[in-house]
There are 2 protein chains.
Amino acid sequence: MKPRKDTPYLDLFQIIGLKLKKKADESIKELGLNAQQGKIIGYIYENQETELIQRDLADRFHLRGASITSMLQGLEQRGFIERKIPANNERQKNIYVLPKAVELIEDFNDSFQKVEDEIVQVLSEEEKQTLKELLIKINERL
Amino acid sequence: MKPRKDTPYLDLFQIIGLKLKKKADESIKELGLNAQQGKIIGYIYENQETELIQRDLADRFHLRGASITSMLQGLEQRGFIERKIPANNERQKNIYVLPKAVELIEDFNDSFQKVEDEIVQVLSEEEKQTLKELLIKINERL
DNA sequence: TATTGACAGTTAGTTATCTAACAGTTATAC
DNA sequence: GTATAACTGTTAGATAACTAACTGTCAATA
């Protein structure tokens, strides 16, 4: 007598993911960026000395190359980042943040930290640790 | 010396959510529907005796009314569902699945179950139980 | 070394979501 | 009872993701 339909993990992950996206978007809306753009700018900032290319962003954020192209074109036109073709490989583009973006990084890291805190506010230290381990284990196999 | 930027829970939930969405979409692609459409048809099927309206779907799936309108228009045009204005309230529309959709429900419930199993395959029974409790607790407060 | 395949990025077109403004219906309050 | 507010759904327009087809570059190999 197995249940005909019951996918609590799938449903919970979908709903929590959606709620977090909306919260994160809302929290940095006033900066004129959405959460994805904020996360990407932060990641570029931390990795721009490593000859970061668009491919790396696609891998890290699980997006398609075309989506990265489109997003970076937008950020470049608005003066947040720049892309330079490196001398040693003309099919790549290295990515760098510009001052206009650097100024905002602390702000949206604070905002993201607040959302982060909201997630785990109801958990004990031990529960937080357990959850993190379980999430990492799941993510590795997915 | 607090870490300048560290949001592992936010990041893990976003990535896992994205991976699950892609897996679920892929798993029922051959039926000509995406995961969200499948989930919604399943939900309508289980609740159509309760005078289900679009507002209910928006609440359950955390989508805007406009998104529900657009999605249901598509499903209605393709003959999966129908919407009827009830006699007692002309501003609402009750929603019902049509045979063409009912035929598919078992298929995509099986597909969703496979994705569900993938999520927890690496966890022990005890870990599964713990995870479910933590996710429910988080979702309630978010 | 010339060909072929893999790789990095772009473009065009599609889709699902969103917000804002709106129409019509029902409920509330004076 | 009428005016106003709240509710339900729709439309129009924007955005961010996708796939498929493409250009150009680099690497492997025969």
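Letters A, B, ... are given to chains in the order of the sequence lines, protein chains preceding strands, and every chain is numbered from 1.
- Remark: B/Q37 is not in phosphate contact with C/dT15, judged by side-chain N or O atoms under 4.0 Å from OP1 or OP2.
- With D/dA20, C/dA8, D/dT10 as the choices, the nucleotide that has an atom nearest any side-chain atom of A/Q92 turns out to be C/dA8.
- A donor atom on one side chain and an acceptor atom on the other are found under 3.5 Å apart for A/K19 and B/N139.
- Backbone-only contact: A/K22 has heavy atoms under 4.0 Å from sugar-phosphate atoms and none from a base.
- The side chain of B/A66 sits closest to C/dT19 out of C/dT19, D/dT25, D/dC18.
- Among C/dT10, D/dG9, D/dT11, the nucleotide with an atom closest to any side-chain atom of B/Q73 is D/dT11.
- Counting only N and O atoms by type, the side chains of B/Q73 and B/Q77 include no donor and acceptor under 3.5 Å apart.
- Across the protein-nucleic acid pair, A/I95 atom CD1 and C/dA8 atom P stand 12 Å apart, rounded to whole Å.
- Heavy atoms of B/S70 sit under 4.0 angstrom from at least one base atom.
- Between the base of C/dC18 and the side chain of B/R64 there is no donor-acceptor pair shorter than 3.5 Å.
- Within the 4.0 Å cut-off from OP1 or OP2 of D/dA17, at least one side-chain nitrogen or oxygen of A/Q36 is found.
- With 3.5 Å as the limit, one finds a donor-acceptor pair spanning the side chains of B/Q54 and B/R83.
- As rounded to whole Å, 13 Å separates atom P of C/dA8 from atom CD of A/E51.
- Distances shorter than 4.0 Å separate none of the side-chain N or O atoms of A/K21 from OP1 or OP2 on C/dT17.
- OP1 or OP2 of C/dA16 lies within a sub-4.0 Å distance of a side-chain N or O belonging to B/N34.
- When each of B/L12, B/L10, B/T7 is tested with A/I119 by the rule side chain to side chain contact (heavy atoms under 4.5 Å, CB included), just one qualifies, namely B/L10.
- When rounded to the nearest whole Å, the span between NZ of B/K93 and P of C/dA23 equals 16 Å.
- One N or O donor and one acceptor, one from the side chain of A/R91 and one from the base of D/dT25, sit under 3.5 Å apart.
- Rounded to whole Å, atom P of D/dT15 lies 13 Å from atom CG of A/L33.
- Classification of the A/F61-A/Y43 ring pair by plane angle, with boundaries at 30° and 60°, yields perpendicular.
- Spacing between atom CZ of A/F61 and atom C1' of D/dA16 amounts to 15 Å, rounded to whole angstrom units.
- Proximity of A/T69 to the phosphate of C/dT10: a side-chain N or O atom is located under 4.0 Å from OP1 or OP2.
- The distance between atom CD of B/Q54 and atom C1' of C/dG24, rounded to the nearest whole Å, is 14 Å.
- Comparing A/L63 and B/I68 against DNA chain D, the residue whose closest nucleotide sits nearer the 5' end is B/I68.
- Atom CG in B/N88 sits roughly 18 Å away from atom P in D/dC7 (whole-Å rounding).
- Within the model, atoms OG of A/S111 and CG of A/L104 stand 10.5 Å from one another, a figure rounded to the nearest 0.5 Å.
- Across all strands shown, A/K29 has no heavy atoms under 4.0 Å from either base or sugar-phosphate atoms.
- In this structure, B/N89 does not reach the C/dT25 phosphate: none of its side-chain N or O atoms is under 4.0 Å from OP1 or OP2.
- In this structure, B/I53 reaches the sugar-phosphate backbone alone: every heavy-atom distance under 4.0 Å involves primed, P, OP1 or OP2 atoms, never a base.
- What separates NZ of A/K84 from P of C/dG9 is a distance of 16 Å, to the nearest Å.
- Dashed line: the shortest gap from a side-chain N or O of B/R83 to OP1 or OP2 of D/dT10 is under 4.0 Å.
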